[in-house]
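In what follows, every chain begins at residue 1, and chains take the letters A, B, ... in the order their sequences are listed.
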2 protein chains.
Amino acid sequence: MDTNKLTALGAIRLFEGLPAPQLNSLAEIAQLRGCKAGETLFESGQPGTHFFAVVTGKVRVFRASLSGKEQILSVFTAGESFAEVPVFEGKTYPASAQALEDSQLLTIPRRGFVELLRREPELALGVMALLSSRLRLFVGQIAQLSLKEVPERLAGYLLLLRAAQGRDELTLDLPKGQIASYLGTIPETLSRAIKKLTDQGLIEVAGSRVRVLDAEGLAALAEADR
Amino acid sequence: MDTNKLTALGAIRLFEGLPAPQLNSLAEIAQLRGCKAGETLFESGQPGTHFFAVVTGKVRVFRASLSGKEQILSVFTAGESFAEVPVFEGKTYPASAQALEDSQLLTIPRRGFVELLRREPELALGVMALLSSRLRLFVGQIAQLSLKEVPERLAGYLLLLRAAQGRDELTLDLPKGQIASYLGTIPETLSRAIKKLTDQGLIEVAGSRVRVLDAEGLAALAEADR
DNA sequence: GCCGGTCCTTGACTTTAGTCATGGAACGCC
DNA sequence: GGCGTTCCATGACTAAAGTCAAGGACCGGC
């Protein structure tokens with residue numbers, strides 16, 4: 001039995017609390033693999049035979065248009081799993097995935113996992129909770145794209161980061177171009193939005209470090225309409 | 001035992017194939033209720049204690065901004081269930097819901113349903129498939145909003161309708177203002193987009209009836225970038 | 001410490017879509 | 001059958017964000 005694989009599996013949040021025998025049977029079907037920054041894991045429209053979990057590194061999931069514009073849907077880091085959708089539908093991946101850094105990944109095949117779910121209701125409930133939380137995020141993303149302008153979306157993003165990092169000195173977790181793609185815009189427009197927030201005295205920016213000067217003001221802006 | 005309730009439950013796709021005893025225990029916890037067109041079922045942010053299924057009628061799920069602009073996320077009709085997200089997260093509804101017509105609804109409380117899921121792995125798999133298909137739809141919606149312009153989104157919507165209705169003579173299932181809200185725009189802009197497709201000879205429109213003249217052309221547009 | 005690359009910013013311009021205002025068509029109601 | 005209401009279409013205008021082009025900052029490799 002591969003203890004590397006077992007410890008990797010144990011560090012995935014979705015598998016937390018899974019009893020040892022089930023973790024072992026997961027280890028029998030899961031594969032551990034490395035991949036390099038920039039490597040494509042799968043593309044939108046390909047048949048989805050496996051889902052993934054990040055052991056180390058960072059992966060982005062996105063949709064691209066023919067002209068090369070891209071919309072990032074999520075970015076996943078250590079402990080998170082992704083691409084579960086085709087597991088339960090038996091169809092294609094709805095989006096593409098690419099490693100942003102050199103990463104270690106677990107790949108888990110559809111078939112065996114569904115079998116395990118049949119026997120493990122608590123794991124199944126965990127999966128439902130995970131899918132639900134992702135739906136909640138997407139609902140928010142749709143609302144932001146349709147209802148808010150770029151500076152407001154940026155304000156919301158910074159507030160989320162602040163909540164995650166627990167202080168006013170933020171370190172951007174992605175290059176700005178990728179943040180633009182996540183916010184549904186392009187680097188030029190993001191630059192101008194950053195400038196706008198800076199001019200309003202809400203933030204200070206130096207490279208990938210951001211200081212939140214006025215969290216209240218950011219929140220007001222993020223909620224604002226017009 | 002209320003046979004109305006039982007037949008209503010049996011007509012919900014999520015509960016198809018559920019053995020009689022489980023259907024009965026669902027009937028014990030589910031409530032059947034009517035509601036009038038325009039009635040609000042719940043609002044974004046309220047604690048989510050129940051989920052819903054449509055027996056007859058039509059319900060829209062949407063997010064509103066403070067200024068009154070609205071983005072429709074989905075419209076549900078007979079046989080469909082919605083608002084499952086808080087069931088598995090135990091938190092708030094991520095969006096609001098309102099009846100578009102006089103409707104009959106089933107409401108199913110969180111607690112009992114989770115218990116049932118623990119005992120019924122096949123139902124649990126059905127729930128996961130449902131959540132997954134919804135994630136797939138949302139991924140598509142995010143990509144459309146961010147990557148495509150209004151006429152292209154409209155073309156995609158019409159093609160979906162055509163696939164659903166199985167012919168080139170379409171009947172719009174929603175008033176145009178609601179379609180605008182679903183496409184992430186406003187009625188004026190939708191009007192102009194319709195005119196554009198008409199001028200290009202792709203469709204003919206008379207009130208809520210649309211004839212697709214050039215499905216290929218629509219598809220090319222829907223895929224297009226620029 | 002210089003070179004080459006990537007990433008980011010800025011400016012001028014164009015395009016898209018939203019805003020405001022108006023008028024017309026369809027529908028239900030007395 | 002008029003009357004009001006709601007919904008839809010159109011025009012003129014404004015605002016937001018994308019495009020194109022250029023240049024600067026930063027980083028890693030040698």
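You'll find that the side chain of A:E149 is closest to D:dA17, out of C:dT9, D:dA17, C:dG18. Of the candidate nucleotides C:dT10, C:dA17, D:dA17, C:dA17 has the atom nearest to the side chain of B:P151.
Using bins of under 30°, 30° to 60° and over 60° for the plane-to-plane angle, the ring pair B:F42/B:Y93 lands in the parallel bin.
Looking at B:R192, its side chain has no donor and acceptor atom pair within 3.5 Å of the base of C:dG18. Side-chain atoms of A:E188 come within donor-acceptor range of the base of D:dC20, with a qualifying N/O pair under 3.5 Å.
Protein atom NZ of B:K176 is 14 Å distant from nucleotide atom C1' of D:dT6, rounded to whole Å. Between the CD1 atom of A:I194 and the P atom of C:dC7 there is a distance of 16 Å, rounded to whole Å. Computed from coordinates, the A:I186 CD1 to C:dT14 P distance equals 16 Å when rounded to whole Å. Regarding B:L172, its CG atom lies at a distance of 15 Å from the P atom of D:dC7, rounded to whole Å. Atoms CG (B:L154) and C1' (D:dA9) sit 15 Å apart, rounded to a whole Å. The CG atom of A:L145 sits 14 Å away from the P atom of C:dA17 (whole-angstrom rounding). Residue B:Q178 contributes atom CD, which lies 14 Å from atom P of D:dT6 at whole-angstrom precision. Nucleotide C:dG18 holds its C1' atom 15 Å from the CG atom of B:L183, rounded to whole Å.
To the nearest 0.5 Å, the span separating CG on B:L159 from CG on B:L218 amounts to 5.0 Å.
Side-chain contact between A:I179 and A:Y157 is present, with heavy atoms from C-beta onward closer than 4.5 Å.
For D:dC8, neither phosphate oxygen OP1 nor OP2 lies less than 4.0 angstrom from any side-chain nitrogen or oxygen of B:K195. OP1 and OP2 of C:dA17 both lie 4.0 Å or more from every side-chain N or O belonging to B:T189.
Contact check on B:D168 versus B:R211 returns no salt bridge, with no Lys/Arg side-chain nitrogen under 4.0 Å from an Asp/Glu carboxylate oxygen. B:R33 has a carboxylate O that lies under 4.0 Å from a charged side-chain N of B:E39, or vice versa, which qualifies the two as a salt bridge.
Within the nucleic acid shown, B:P187 has no heavy atom closer than 4.0 Å to any nucleic acid atom.
For the pair A:G207 and B:K196, nearest-nucleotide mapping onto DNA chain C gives the more 5' position to A:G207.
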